[in-house]
Amino acid sequence: MKLKMILIAALSMAVTTVFAQNVMRNLSRCERIAYSDFKSVHPFEYIKKDNNWQLLYMLRTPSTAKALRKAGLTFNDEQLTYLEKAGMVKQVESNKWQTTLPIFDIEQTAALRQLSRSIATDVMDRSEGDYRQLVTELGKSNFADNAFSIAFSYMLDGLAWDAIAPDRYKLDNKADWKGVVWILCEPRKKTQFGTNSYGSIQETWTRTSLKNAPQHADLMPLAQCLLDNEELKEATVIDHLKPYGIVNEAGKLQILVIDREKQDAVNNLCHRLSASLASAVKDNITRAQAITKIDDKRTSIVLFHEIMWDTIDLLQARNLVKVPEVLTNEAAPKEQFRNVMFVIE
């Protein structure tokens with residue numbers, strides 16, 4: 001999940017007064033999320049252009065262009081056409097326009113996160129033993145320090161997402177992009193974790209770790225060797241990856257390998273944990289829709305996105321898994337990158 005920031009001018013007092021129910025905050029103070037594939041323009045760019053954010057926010061409530069201008073919002077008709085082609089607004093009730101972009105105001109965001117925290121806590125209370133066992137099982141092959149990476153990148157950011165919303169990158173099919181995009185008007189105060197894939201190689205990252213992470217140009221030759229079931233023999237690549245603990249001096253892989261289809265203890269635990277989360281999302285869709293006011297597919301995506309971060313918070317608060325130092329400290333030894341990388345076969 002990558003967040004960009006942009007300053008948007010505040011609305012005029014006239015707009016704030018007339019549309020009191022729609023008091024908005026600057027886009028730079030909101031959290032933007034996108035699971036999307038795009039051809040030439042990222043969905044965020046449509047939102048950031050000109051004063052489109054103001055326009056989109058105000059059109060959460062259907063309105064005519066005339067009413068918006070009377071309230072003090074300055075825009076041209078081409079902006080509405082531009083946003084319509086981008087799949088961000090639609091015409092309703094003859095001459096009225098409405099945003100199709102899910103935008104959750106401060107109150108909605110707070111209610112959504114209260115629900116997600118409750119769900120995540122309930123699931124964690126029932127699953128705590130499985131997380132402890134996951135660390136134990138990984139420790140049997142000397143990969144206990146990979147527990148956080150497996151819990152986040154393999155289970156939460158992988159198996160659980162695939163169970164809950166396998167089509168999230170294809171949900172909307174707009175002219176220039178497809179997927180799902182939404183905005184929360186209260187950013188979550190958290191460390192931002194993500195997962196990068198280099199073929200079958202997975203890497204858990206933070207903005208801190210990316211500053212010192214192994215290079216794409218070195219990981220891709222290794223990924224190709226794994227795909228071809230061949231040994232890595234390029235001396236330069238070996239020299240570059242060895243300090244990270246990814247391969248040894250002979251080019252032999254030193255990081256955890258997971259066979260997704262294998263019925264071993266680690267896989268069984270991860271599938272059980274992801275199934276519990278998927279079931280919890282399904283069981284609480286109606287409650288979440290009362291807050292989001294959008295369809296069940298998009299609601300499940302929005303809800304699980306919040307549950308995922310609550311789960312990460314709970315894992316740390318209960319000391320169930322330890323966040324590898326390399327994700328939080330730029331000065332961490334390079335060889336610790338092996339603790340945030342693994343291979344999926």
Side-chain angles (χ1 to χ4, degrees), residues 1 3 31 33 104 106 108-139 143-161 163-164 184 186-195 202-210 256 265-266 268-281 283-284 287-288 291 300-332 336-337 339-342:
M1 280 74 38
L3 303 180
E31 183 172 342
I33 304 99
F104 305 111
I106 296 172
Q108 283 178 293
T109 301
L112 180 65
R113 287 179 177 155
Q114 183 177 21
L115 175 60
S116 71
R117 185 72 177 193
S118 174
I119 296 169
T121 300
D122 180 60
V123 174
M124 184 62 71
D125 288 343
R126 292 183 278 109
S127 303
E128 189 169 313
D130 282 344
Y131 284 106
R132 295 188 187 280
Q133 187 62 32
L134 178 63
V135 177
T136 298
E137 293 298 332
L138 288 168
F143 287 112
D145 290 336
N146 287 75
F148 179 84
S149 184
I150 297 305
F152 177 76
S153 291
Y154 182 53
M155 192 277 289
L156 286 168
D157 208 20
L159 297 178
W161 267 124
I164 293 164
L184 297 155
E186 184 66 52
R188 185 182 275 267
K189 298 176 178 64
K190 57 176 172 37
T191 299
Q192 197 75 31
F193 299 101
T195 306
Q202 310 297 307
E203 174 194 2
T204 306
W205 61 264
T206 60
R207 290 174 178 172
T208 297
S209 72
L210 286 177
L256 177 65
V266 169
N268 289 339
L269 285 165
C270 288
H271 279 277
R272 187 157 69 223
L273 289 166
S274 65
S276 294
L277 289 162
S279 178
V281 169
D283 292 344
N284 286 278
R287 294 173 66 191
I291 301 168
S300 67
I301 293 170
V302 171
L303 178 60
F304 180 64
H305 182 266
E306 296 303 315
I307 291 173
M308 178 173 69
W309 297 120
D310 287 322
T311 300
I312 289 297
D313 289 344
L314 289 167
L315 286 172
Q316 296 177 76
R318 299 188 185 190
N319 295 314
L320 296 175
V321 296
K322 182 181 178 181
V323 177
E325 185 184 4
V326 75
L327 294 176
T328 59
N329 182 6
E330 287 183 42
Q336 290 191 12
F337 269 91
N339 300 331
V340 296
M341 304 189 75
F342 59 95

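All values reported here derive from a predicted model rather than from experimental measurement. Numbers here are sequence positions counted from 1.
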Engineer: Tell me whether Asp313 is salt-bridged to Lys189, with the criterion being a basic N under 4.0 Å from an acidic carboxylate O.
Structural biologist: no
Engineer: Quick one: CG on Leu315 to CG on Leu320, what's the gap to the nearest 0.5 Å?
Structural biologist: 5.5 Å
Engineer: Measure the CZ-CG distance between Phe342 and Leu256 for me, rounded to the nearest 0.5 Å.
Structural biologist: 7.5 Å
Engineer: Tell me, please, which residues at least two apart from Val123 pass side chain to side chain contact (heavy atoms under 4.5 Å, CB included).
Structural biologist: Ile119, Arg126, Ser127, Ser276, Leu277, Ala280
Engineer: Could you state the interatomic distance from CG (Asn284) to OG (Ser116), rounded to the nearest 0.5 Å?
Structural biologist: 10.5 Å
Engineer: Keeping Ser149 on the side-chain end and Asn146 on the backbone end, is there a donor-acceptor pair under 3.5 Å?
Structural biologist: no
Engineer: Counting C-beta onward and ignoring hydrogens, is there a side-chain heavy-atom pair between Val281 and Ile307 closer than 4.5 Å?
Structural biologist: yes
Engineer: Identify, with sequence neighbours excluded, every residue that meets side-chain hydrogen bond (donor to acceptor under 3.5 Å, both in side chains) alongside Arg113.
Structural biologist: Glu31, Glu306
Engineer: The criterion is side chain to side chain contact (heavy atoms under 4.5 Å, CB included); which residues satisfy it with Ala111, sequence neighbours excluded?
Structural biologist: Ile291
Engineer: What closest approach, in Å, do Thr195 and Phe152 show between heavy atoms, and which atom pair accounts for it?
Structural biologist: OG1-CE2, 3.5 Å
Engineer: Please check if the side chain of Ser279 supplies one atom and the backbone of Ala275 the other of a donor-acceptor pair under 3.5 Å.
Structural biologist: no
Engineer: Roughly how far, to the nearest 0.5 Å, is CD of Glu128 from CD of Gln133?
Structural biologist: 13.0 Å
Engineer: Restricting to non-hydrogen atoms, name the atom on Met155 and the atom on Cys270 that form the minimum distance, rounded to 0.1 Å.
Structural biologist: CG-O, 3.4 Å
Engineer: Could you measure the distance from the CH2 atom of Trp309 to the NZ atom of Lys190? Nearest 0.5 Å is fine.
Structural biologist: 5.0 Å
Engineer: Could you report the tightest heavy-atom contact between Phe304 and Ala160, atom names first, then the distance?
Structural biologist: CZ-CB, 3.5 Å
Engineer: Check whether any side-chain heavy atom of Val326 sits under 4.5 Å from a side-chain heavy atom of Asn339, and report yes or no.
Structural biologist: no
Engineer: In terms of the angle between their ring planes, are Trp161 and His305 parallel, tilted or perpendicular, with boundaries placed at 30° and 60°?
Structural biologist: tilted
Engineer: Are the side chains of Phe337 and Glu203 in contact, using a 4.5 Å heavy-atom criterion?
Structural biologist: yes
Engineer: Examine distances only and state if a side-chain atom of Thr121 and a backbone atom of Arg117 form a donor-acceptor pair shorter than 3.5 Å.
Structural biologist: yes
Engineer: Considering non-hydrogen atoms only, spot the tightest contact between Ala120 and Thr311 and give its length.
Structural biologist: CB-OG1, 4.0 Å
Engineer: To the nearest 0.5 Å, what is the distance between CD (Gln192) and CG (Leu210)?
Structural biologist: 11.0 Å
Engineer: Considering the options Asp130, Leu314, Leu273, Asp310, which one meets the side-chain contact (heavy atoms from CB on, under 4.5 Å) requirement together with Met124?
Structural biologist: Leu314
Engineer: Quick one: are Val321 and Gln316 in side-chain contact, heavy atoms under 4.5 Å?
Structural biologist: no
Engineer: Of all heavy-atom pairs between Leu134 and Val266, which one has the smallest distance, and what is that distance?
Structural biologist: CD1-CG1, 4.0 Å
Engineer: Are Ser209 and Val340 side-chain neighbours, meaning at least one heavy-atom pair lies under 4.5 Å?
Structural biologist: no
Engineer: Do Val323 and Ile312 come close enough that some side-chain heavy atom pair is under 4.5 Å?
Structural biologist: no
Engineer: For residues Thr206 and Leu327, report the shortest heavy-atom separation together with the two atoms involved.
Structural biologist: OG1-O, 2.6 Å
Engineer: Can the ring centroids of Phe148 and Phe193 be said to lie less than 6.0 angstrom from one another?
Structural biologist: yes
Engineer: Please check if any side-chain donor atom of Thr204 sits under 3.5 Å from a side-chain acceptor atom of Ser153, or the reverse.
Structural biologist: yes
